[in-house]
Amino acid sequence: MTNAPHGGKLVQIKQTYKDSPSLAGFKENQKLAVSRETATVVANIANGIFSPLEGFMGENDYLNVLEHMRLESDLPWTIPILLLGPHNHHFSSGDEILLVDGAKHPVALMEYEGNFEISRQEYASKVFGTEDKAHPGVAKIFEGNECAIAGKLKAAVKPDHGDYADYTLTPKETRILFSEKGWNNVVAFQTRNAPHINHEYLQKSALALVDGLFINPVLGKKKAGDFKDEVILSTYKAILANYYPRSSVVMSVLHYEMQYAGPKEAIVHAIMRKNFGCTHIIIGRDHAGVGNYYGPYAAQEIFKEFPDLGITPLFFKEFYYCKRCAGIASEKTCPHGEEDRLSFSGTKLRKMFSEGQVPPKEFMRPEVAQAILKFEHPFVE
Amino acid sequence: MTKYTSVSIPLTLHKRLEKLIAKKTGFKSVSDYVTYVLREVVAMHELKEVPEPFTSTDLEEIKKRLQALGYL
């Protein structure tokens, strides 16, 4: 038996195809163009990753999330799921509207429930804890619309994940996978990075406590300097093939746009993995953070607010290779100072790879480094 | 927005909780403490009543896909 979905029911919106007759015949004023990232949100709502949400939030849920970090129903939720669009539409409550992508292809059928204005400043300060536009999440909010369009999805076009289709599993699929493997306790690992040795130790330390490890890298729009999607997948394939037991570890990718909201995003990451059927989630140092906006362990502290989250966080201090310990250690287990740690900044790593060099094996598995070197431009620009 | 209601608890229990909260529990009020505890209890009970979200047909189809992809 896998963990119960958030809110008790895995949302399953009817799946359809682009050329389905039910999506034909809509006039231009019954259509709403959405971005690729919004189309990804639609797919995540449709297959239950965002359960119990059945569509884009209305004003009550929105305000409750901002003020109390909970949906109107009292369930924990920390980042609004909004469809921000133009004001110049003429939909009425109850209308069926067709969400379309940039190429005007159908994405989903939605029942319009209304719209409301958001304050970008309020959103930024309450979700990200800052209004600094240098924060990528804040910048995105200030670039977008202020009109939030609420509605429930009635049908969604099955997404085409292209090269990643074989590595993409829905919550229904992971639940059956975990069940077939006989795993009662499954720990999730969220990542947007190629694996370093410290990640491997984090994952394996957590795995020692449970039946299975679910590695769930995030693919989608990211900030400059992050690894590209294809590099993340390729490096994980390399490390899994060489250093992980097949019987207790699986990987599938999550299509999701990082918000870099630190602690608040950690809660949403946990909810998504709960919906995949995981019972635990690894929360390490600076989870979902960016720059110095959040304390290094703020994402661990926030879990204290949610006794009813329904997924257990496993907290770890940062792992690293300590030269004096001559092995992998953590802030909890090692008495030595930062000067004894083998560490590389993101800038230094990017420089090394661009010059065809590889970091030492105490920092990154050679197979992972070689997988990165196969890409001429491994980083998002 | 969240609305609130009152729940009656014995005054003696209220006093004990006030003393507990004063000992740096991190709670601002008895109401906060009671809400926290009740959320934990309610969630525990709700979890016990959830059936698996797939049918036997789903199960067979998905197992085939997972086998084809090498997951099983």
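These numbers come from the heavy atoms of this one structure, side chains and all, not from hydrogens, waters or symmetry mates. In what follows, chains carry the letters A, B, and so on, assigned in the order in which the sequence lines appear, proteins first and then strands, with residues in each chain numbered from 1.
More than 12 non-hydrogen atoms from other residues, nucleotides or ligands lie less than 6.0 angstrom from CZ of Phe315(A). Residue Lys126(A) places its NZ atom among more than 12 non-hydrogen atoms of other residues, nucleotides or ligands, all under 6.0 Å distant. Other residues, nucleotides and ligands place more than 12 heavy atoms under 6.0 Å from the NZ atom of Lys181(A).
The salt bridge (charged side-chain N to carboxylate O under 4.0 Å, His left out) analysis of residues 297-307 of chain A, with sequence neighbours excluded, yields the pairs Glu301(A)-Lys304(A).
In this structure, the side chain of Tyr71(B) does not engage the main chain of Glu173(A) through any donor-acceptor pair within 3.5 Å.
No part of Asp61(A) comes within reach of chain B, as not one of its non-hydrogen atoms sits under 4.5 angstrom from that chain. In this structure, no portion of Ser179(A) lies under 4.5 Å from any heavy atom of chain B. Thr170(A) does not touch chain B: none of its heavy atoms, backbone or side chain, sits under 4.5 Å away.
Counting all heavy atoms, side chain and backbone alike, Pro307(A) lies closest to Arg39(B) at CG-CB, 4.1 Å.
For the options Val250(A), Leu169(A), Asn3(A), Leu63(A), heavy-atom pairs under 4.5 Å to chain B are most numerous at Leu169(A). The residue among Arg70(A), Arg246(A), Glu67(A) with the most heavy atom pairs within less than 4.5 Å of chain B is Arg70(A). By number of non-hydrogen pairs under 4.5 angstrom with chain B, the leading residue of Thr2(A), Asp166(A), Asn60(A), Leu75(A) is Asp166(A).
For residues 12-22 of chain B, an interface with chain A (any heavy-atom pair closer than 4.5 Å) does not exist. Annotation: residues 54-69 of chain B contacts chain A through Phe54(B), Asp58(B), Leu59(B), Ile62(B), Lys63(B), Arg65(B), Leu66(B), Leu69(B) [non-hydrogen atoms, separation under 4.5 Å]. Among the residues in residues 26-34 of chain B, none has a non-hydrogen atom closer than 4.5 angstrom to a non-hydrogen atom of chain A.
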